[in-house]
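Values reported hereafter were calculated over all heavy atoms of this structure, with side chains retained and with hydrogens, waters and symmetry mates removed. As the structure is a computational prediction, the values presented were derived from the model and not from experiment.
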Amino acid sequence: MIMVRLFQRMGIVAGLCLLTLGTAMAQPSSFRSQEPFEPQYIVGVNFRPEWQYCHHGSWIGTAQPDDRFSPTPGLSFEARITRHSGIETGFYYRSLSSEAGVSLDGMSVPYPEGHRRYFAVPLLYKYYSRIVNVGVGVNCDFLFEKSHADWIEYGRHRIGILMKVSKDITLCKGLFVEPEFHFNPFWENGELNHSWIGLQLGIKYRF
């Protein structure tokens with residue numbers, strides 16, 4: 001049932017991405033700029049309010065220590081190669097804390113508070129349009145710090161799929177904001193364990 005619900009969520013997000021991408025590609029020619037396109041390079045400062053969803057439990061507030069809210073800062077770098085296609089990468093800091101509690105396996109074993117900190121690196125293909133921008137690619141979380149009190153045993157690296165939909169809003173020449181929604185399920189120790197889901201607000205400059 002957990003896998004069925006996960007694939008349903010992934011199907012919904014993928015369907016929305018395909019729908020918005022199809023809508024963008026179907027724009028009438030009268031709405032498309034006829035000016036020659038020059039490659040662009042974009043640098044952004046981003047803030048991500050996001051949650052990590054545990055597929056062995058539910059949202060924050062349950063007994064799962066990983067179902068946590070994480071305010072995530074980061075930098076992004078984009079190369080817009082053609083009018084509609086580009087590549088995006090970046091560097092993000094993710095931090096999770098686990099509360100002290102008692103296990104639910106019937107043995108009432110206490111566990112202390114703990115934390116884990118990750119360095120996240122995404123790599124995406126990005127489609128640009130006047131309506132929305134759609135990105136699809138991979139994301140890797142690298143564990144660089146873990147408290148001794150953190151009793152959850154996971155691998156140091158986690159890799160997953162990253163899908164997002166965003167919209168750029170121009171502030172002035174070269175400067176714009178870009179709100180987005182993203183979904184990032186990932187694999188760890190050979191199985192699908194968790195997903196990041198959330199929003200992002202980026203302040204970016206286009207060179």
Side-chain angles (χ1 to χ4, degrees), residues 6-27 31 37 39-53 59-60 67-96 118-142 158-187 194-207:
L6 171 65
F7 284 112
Q8 287 175 343
R9 294 189 185 96
M10 292 180 64
I12 292 172
V13 174
L16 289 173
C17 290
L18 291 174
L19 179 61
T20 52
L21 179 60
T23 303
M25 295 181 68
Q27 295 176 82
F31 288 95
F37 180 81
Q40 300 174 349
Y41 301 95
I42 302 169
V43 177
V45 178
N46 308 291
F47 174 70
R48 283 181 173 179
E50 61 182 357
W51 289 261
Q52 184 174 230
Y53 176 79
W59 291 101
I60 183 170
D67 299 339
R68 312 293 294 171
F69 169 73
S70 176
T72 304
L75 300 175
S76 62
F77 308 94
E78 300 175 43
R80 188 172 177 177
I81 302 169
T82 69
R83 191 179 303 279
H84 295 296
S85 295
I87 298 173
E88 178 179 349
T89 186
F91 307 95
Y92 293 88
Y93 169 81
R94 281 173 165 168
S95 177
L96 287 174
Y118 297 93
F119 184 59
V121 180
L123 180 62
L124 304 98
Y125 164 78
K126 192 168 182 179
Y127 181 86
Y128 301 86
S129 76
R130 291 179 181 270
I131 302 174
V132 293
N133 305 321
V134 178
V136 178
V138 296
N139 181 83
C140 188
D141 284 355
F142 298 94
R158 312 185 298 186
I159 189 168
I161 300 170
L162 178 59
M163 298 174 284
K164 66 179 187 175
V165 178
S166 62
K167 171 66 177 178
D168 54 281
I169 303 170
T170 302
L171 299 178
C172 59
K173 184 178 181 180
L175 185 66
F176 64 98
V177 296
E178 186 173 19
E180 76 169 40
F181 168 79
H182 61 269
F183 179 58
N184 177 204
F186 59 84
W187 285 258
H194 302 83
S195 296
W196 292 99
I197 185 169
L199 307 173
Q200 174 176 294
L201 180 62
I203 300 177
K204 302 185 177 183
Y205 189 83
R206 183 183 294 111
F207 294 92

What's the spacing between Trp51 CH2 and Ser70 OG if we round to 0.5 Å? 10.5 Å
His84 and ring pair (Phe, Tyr, Trp, His ring centres under 6.0 Å): which single residue from Tyr125, Tyr128, Tyr127, Phe37 fits? Tyr127
Minimum heavy-atom separation for Gly198 and Phe181, please, with both atom names. O-CD1, 3.4 Å
Could you verify whether a donor N or O on one side chain and an acceptor N or O on the other, from Trp196 and Asp141, lie under 3.5 Å apart? yes
Nearest 0.5 Å, what's the CG-CD1 distance between Asn139 and Ile161? 11.0 Å
Inter-residue atom distance Asn133.CG - Leu124.CG, 0.5 Å rounding: 12.0 Å
Is Lys167 reaching over with its side chain to a backbone N or O of Ile131, donor-acceptor style, under 3.5 angstrom? yes
Pairwise distance OG1(Thr89) to CZ(Phe77) - rounded to 0.5 angstrom: 8.0 Å
Can you name the nearest heavy-atom pair linking Thr170 to Phe176, along with the distance? CA-CB, 3.7 Å
For Gly90 against Pro122, the heavy-atom pair lying closest together: O-CD, 3.4 Å
Search all heavy atoms of Ser76 against all heavy atoms of Glu88 and return the closest pair with its distance. CB-OE2, 4.0 Å
Output a table of donor-acceptor pairs, distance under 3.5 Å, between side-chain atoms of residues 200-207 and any protein atom two or more places apart or on a different chain; print 'none' if there are none.
{"from": "Gln200", "atom 1": "OE1", "to": "Arg48", "atom 2": "NE", "distance (Å)": "2.7"}
{"from": "Gln200", "atom 1": "OE1", "to": "Tyr92", "atom 2": "OH", "distance (Å)": "3.4"}
{"from": "Gln200", "atom 1": "NE2", "to": "Asn46", "atom 2": "OD1", "distance (Å)": "3.3"}
{"from": "Lys204", "atom 1": "NZ", "to": "Glu78", "atom 2": "OE2", "distance (Å)": "2.8"}
{"from": "Lys204", "atom 1": "NZ", "to": "Glu178", "atom 2": "OE1", "distance (Å)": "2.6"}
{"from": "Arg206", "atom 1": "NE", "to": "Gln40", "atom 2": "OE1", "distance (Å)": "3.1"}

Roughly how far apart are Lys126 NZ and Ser85 OG, rounded to 0.5 Å? 12.0 Å
Give, for atom CE of Met163 and atom CD1 of Ile197, the distance between the pair rounded to the nearest 0.5 Å. 9.5 Å
